[in-house]
Amino acid sequence: MTDPATLAEEIRGEVGRVLVDLDEETDSLTIALLTRGHVLLEGVPGVAKTTLAHAFANASGLSYNRIQMTPDILPADITGTNVYRESTGEFELQRGPVFVNVVVADEINRATPKTQSALLEAMAEEHVSIEGETLSLPSPFFVIATQNPIEMEGTFDLPEAQRDRFQLKLTVDLPSADAEQELLAQFDGNPTMDADDIEAVIDTDDINAAREAVAAVYVSEAVQQYILDVVAASREHPDVAHGASPRGSLALLQTAKACAAIDDRDYVIPDDVKSMLVPVLRHRLVLTTDAELGDVAPLEIVEDIASSVSPPESEGISEPPVDEAVPDASESDVAHD
């Protein structure tokens, strides 16, 4: 399965057998997976954040571990350590729960900054060091961290620099009345249904092939300039002390390409970029003191930026000029020899 659109449809359909009205969030997780990103998932208790992550991992055919973050959890509890075996008189490497494809860091803001940093280092490097030995993490490696926005006592907010390492921030809202009614009817007939009922509909080969297809999506100079203009507007907004970094620009580029591929297109349009503005930018904005005192929400600022920056015209964004055509694999290999 090399087609990202088909891959996304398969995952969405399988996850939807258990979870109701979470198609958009499921697609966003697929986008992050296909662009090697990580996700910060926020929502009040009971809206199926962890179940969504577990169901997504199962549908993707990936190994999964959930780490319940607490103030007393140590970096070694995540990465692993060497354990002394009295029977052999030797130390034995005990790998931590991070050695899986999908790691769910549940309530990441309950862990201390030191422990948070250990996980975020694994996200950035895709390997960990245990007592001087560097160990690679499985591929693909995907971190989904959850946060509860209403309980702040005994928590440690992620610093701005650490939040920036998450490609997307998604919010799982309370369901609508119709969706909750459908949920009740679904579980009334099968009260034990959970993420373990989800079956794998793709495998790692499918993911790698879809990643290559996403990487090949064309982005015109006009759309690239639109991304730059949006990011520049985030830095110049009067309510923002620090706007999106170049990592944010790259996240917009990559996720827009995945959006296009999932929509069965091989080129990016401005609407692809627009659809990713909120999840890519809102956690990257550092507001001014006046904006914070005035209860200005990052979402309002992103929406203001989206309305203030004009997208490019559609002409010329669907295919590269002949002299800019991307070389095929064989030509690329020759160029690197």
Side-chain angles (χ1 to χ4, degrees), residues 1-16 19 22-41 52-64 100-104 122-126 137-145 164-170 172 198-219 223-224 227 247-281 283 326 329:
M1 187 190 303
T2 60
D3 179 15
T6 303
L7 180 144
E9 183 179 359
E10 291 286 337
I11 294 176
R12 188 188 315 124
E14 184 64 17
V15 171
L19 299 175
L22 289 176
D23 288 352
E24 184 177 340
E25 290 80 0
T26 302
D27 282 348
S28 295
L29 291 179
T30 302
I31 287 169
L33 177 64
L34 296 184
T35 52
R36 297 174 172 81
H38 304 282
V39 172
L40 186 59
L41 202 58
L52 171 61
H54 192 181
F56 181 83
N58 286 352
S60 304
L62 300 174
S63 56
Y64 163 92
V100 291
N101 297 121
V102 179
V103 176
V104 174
M123 289 165 46
E125 306 295 337
E126 295 197 0
L137 295 169
S139 180
F141 180 67
F142 185 25
V143 173
I144 303 173
D164 190 50
R165 293 192 179 277
F166 287 96
Q167 185 189 64
L168 304 177
K169 179 182 178 182
L170 309 177
V172 182
I198 298 294
E199 298 179 356
V201 292
I202 63 170
D203 57 27
T204 53
D205 289 338
D206 296 326
I207 294 170
N208 291 332
R211 282 179 166 181
E212 292 181 6
V214 168
V217 170
Y218 171 67
V219 187
V223 172
Q224 290 183 30
I227 292 173
R247 186 183 285 131
S249 304
L250 291 172
L252 276 177
L253 175 71
Q254 294 159 354
T255 57
K257 292 172 72 169
C259 277
I262 287 176
D263 203 28
D264 207 18
R265 279 181 284 104
D266 60 0
Y267 60 93
V268 172
I269 61 176
D271 282 349
D272 296 322
V273 179
K274 284 184 179 180
S275 68
M276 299 311 302
L277 288 181
V278 171
V280 168
L281 294 182
H283 60 296
V326 178

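Just so you know, these numbers use all the heavy atoms, side chains as well, and skip hydrogens, waters and symmetry mates. One-based numbering along the sequence shown.
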For this session: Specify the closest pair of heavy atoms between A210 and L7, including all atoms of both residues, with the distance to one decimal.
Result: CB-CD1, 3.9 Å

Problem set entry | Partners passing side chain to side chain contact (heavy atoms under 4.5 Å, CB included) against A32 (at least two apart in sequence or in another chain) | V39, F142, Q167, L168

For this session: Report the residues that fulfil side chain to side chain contact (heavy atoms under 4.5 Å, CB included) with N101, sequence neighbours left out, ordered by chain and then residue number.
Result: L62, S63, P138, P140

Exercise. How many angstroms lie between atom CD of E9 and atom CG of D264, to the nearest 0.5 angstrom?
Worked result: 10.0 Å

Exercise. Take atom CD in Q224; do more than 12 heavy atoms of anything else shown fall under 6.0 Å from it?
Worked result: yes

Exercise. Can you name the residues that form a salt bridge (charged side-chain N to carboxylate O under 4.0 Å, His left out) with D263, not counting sequence neighbours?
Worked result: R265

For this session: Please name the residue in the list L29, L52, V278, L40 that meets the side-chain contact (heavy atoms from CB on, under 4.5 Å) test with L170.
Result: L29

Exercise. Is the side chain of K257 donor-acceptor paired with the backbone N or O of A215 at a distance under 3.5 Å, no angle test?
Worked result: yes

For this session: Quick one: closest heavy-atom pair of V280 and G248, and the distance?
Result: CG1-O, 3.8 Å

Seminar exercise, completed: dist S249:OG -> L281:CG (nearest 0.5 Å) comes out at 8.5 Å

For this session: Could you list the residues that satisfy side chain to side chain contact (heavy atoms under 4.5 Å, CB included) with D266, not counting sequence neighbours?
Result: none

Exercise. Got a second to check how far C259's SG is from D271's CG, nearest 0.5 Å?
Worked result: 10.0 Å

For this session: Mind listing the closest non-hydrogen atom pair of F56 and T26 along with its distance?
Result: CE1-O, 3.9 Å

Exercise. Side chains of H38 and R165: closer than 4.5 Å at any heavy-atom pair?
Worked result: no

Exercise. Judged by atom type as modelled, is there a donor-acceptor pair below 3.5 Å linking the side chain of E14 to the main-chain atoms of A200?
Worked result: no

Seminar exercise, completed: dist I11:CD1 -> I207:CD1 (nearest 0.5 Å) comes out at 6.5 Å

Exercise. Can you name the nearest heavy-atom pair linking A55 to I198, along with the distance?
Worked result: O-CG2, 3.5 Å

Problem set entry | Donor-acceptor contact present, side-chain D206 to main-chain D203, <3.5 Å | yes

For this session: Using modelled atom types only, decide if a donor and an acceptor are shared between the side chain of R247 and the backbone of F166 within a distance under 3.5 Å.
Result: no

Seminar exercise, completed: Between A256 and M276 the two heavy atoms that sit nearest each other are N-CG, 4.3 Å

Problem set entry | Where D27 and I262 come nearest, the two heavy atoms and their spacing | O-CD1, 4.4 Å

Exercise. Mind checking whether L252 and L277 have side chains closer than 4.5 Å, heavy atoms only?
Worked result: yes

Exercise. Roughly how far apart are L253 CG and D272 CG, rounded to 0.5 Å?
Worked result: 11.0 Å

For this session: With rounding to the nearest 0.5 Å, note down the distance linking CE in M123 to CZ in F141.
Result: 8.0 Å

Problem set entry | ring-ring contact (aromatic ring centres under 6.0 Å, His included) partners for Y64, two or more places apart | H54

Exercise. What pairs with E125 under side chain to side chain contact (heavy atoms under 4.5 Å, CB included), at least two apart in sequence or on another chain?
Worked result: E121, H127

